[in-house]
Q: 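One structure is given below, represented as structure tokens, and several questions about it will come after.
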Amino acid sequence: MTRTRAASPQTRAVLEALMAQPQTWRYGYDLSKETGLKSGTLYPLLMRLSDQGLLEAEWREPQQPGRPPRHAYRLTAQGVAAANALPRPDPSGLEVQPA
């Protein structure tokens with residue numbers, strides 16, 4: 001029997017941030033600012049989510065000359081499903097399982 005681990009608060013924060021606009025490419029820096037996660041937490045998490053097939057990742061050419069390319073991320077269909085399957089917090093402070 002396979003057990004699935006509950007999503008960490010950090011994973012939840014990233015998935016929720018990406019779910020605001022699931023088809024929009026987002027940079028790690030922007031996700032860091034939105035979630036408050038430090039780069040040492042965020043980037044390994046983004047790599048794991050990408051390896052699990054929940055995120056697409058691609059290199060984006062710089063918009064200004066002389067700047068390095070940047071990695072951009074967005075949810076896959078599997079990532080949207082996983083984010084939708086996360087238990088939602090209830091206003092009472094209890095978590096509610098999705099139907």
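As the structure is a prediction and not an experimental result, all values here were calculated from the model.
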Q: Is the backbone of A13 close enough, under 3.5 Å, to the side chain of T35 for a donor and an acceptor to pair up by distance?
A: no
Q: Applying salt bridge (charged side-chain N to carboxylate O under 4.0 Å, His left out), which residue pairs with at least one partner in residues 55-68 are found, sequence neighbours left out?
A: E56-R74, E58-R60
Q: Would you check if L55 and T76 make a side-chain contact, meaning some heavy-atom pair closer than 4.5 Å?
A: no
Q: Mind checking what makes side chain to side chain contact (heavy atoms under 4.5 Å, CB included) contact with A7, not counting sequence neighbours?
A: T11, R12, L86
Q: Count the heavy atoms belonging to other residues, nucleotides or ligands that lie under 6.0 Å from OH of Y29, then report whether that count exceeds 12.
A: no
Q: Would you give the length of the straight line joining atom CG of L46 to atom OH of Y73, rounded to the nearest 0.5 angstrom?
A: 5.0 Å
Q: Scan residues 31-59 for pairs that pass ring pair (Phe, Tyr, Trp, His ring centres under 6.0 Å), counting only residues two or more places apart or in two chains.
A: W59-H71
Q: So do L18 and L31 actually touch side chain to side chain, heavy atoms under 4.5 Å?
A: yes
Q: Output all residues satisfying side chain to side chain contact (heavy atoms under 4.5 Å, CB included) with S32, sequence neighbours left out; order by chain, then residue number.
A: L42
Q: Can you list the residues that meet the side chain to side chain contact (heavy atoms under 4.5 Å, CB included) rule with A83, with sequence neighbours excluded?
A: L15, M19
Q: Name all pairs fulfilling the side chain to side chain donor-acceptor pair (under 3.5 Å) condition that reach into residues 44-55, sequence neighbours left out, sorted by first residue then second.
A: none
Q: Name all pairs fulfilling the salt bridge (charged side-chain N to carboxylate O under 4.0 Å, His left out) condition that reach into residues 21-32, sequence neighbours left out, sorted by first residue then second.
A: R26-E34
